[in-house]
Amino acid sequence: MTLDLNFQDLKKIALHGRVVKNGITLIVGRPLIPDVKTDETGNVGEVRFTVDETECRPRGPWLMKPSQVQDARKPSLGTQS
């Protein structure tokens, strides 16, 4: 399924955390952090989302950068057999 979002949709997501489009509710929350910049009319601007990599998710692991994740198939330096 493809859901085409325009500027107004992205602005709603950034400001309210959700948007309803074509009968589908899209909810976006942390770890995404929104930043909205608009002109005086509020119809033109920029929406940017950044990821907070330090947040602990309630039902999941800590978010980590890919370089911090060890491959389970590779033995670590301290546990070679």
To the nearest 0.5 Å, atom CD1 of Ile13 lies from atom CD1 of Ile27 at 10.5 Å
Side chain to side chain contact (heavy atoms under 4.5 Å, CB included) partners of Phe7, counting only residues at least two apart | Lys11, Thr38, Val47
Does any non-hydrogen side-chain atom of Arg18 lie less than 4.5 Å from one of Thr25?
-> yes
Between Phe49 and Leu10, which heavy-atom pair has the shortest distance, and what is it?
-> CZ-O, 4.1 Å
In the single-linkage hydrophobic clustering (I, L, V, M, F, W, Y; side-chain heavy atoms under 4.5 Å), do Ile24 and Val20 co-cluster?
-> no
Separation between CG of Asn6 and NZ of Lys21, rounded to the nearest 0.5 Å = 4.5 Å
To the nearest 0.5 Å, tell me how far Leu5 CG sits from Leu26 CG.
-> 6.5 Å
Nearest heavy-atom pair of Val28 and Leu32: which atoms, and what distance?
-> CG1-CD1, 3.2 Å
Measure the spacing between CG of Asp39 and OG1 of Thr41 and express it to the nearest 0.5 Å.
-> 3.5 Å
Taking atom CG of Asp4 and atom CG of Asn22, what is their separation to the nearest 0.5 Å?
-> 8.5 Å
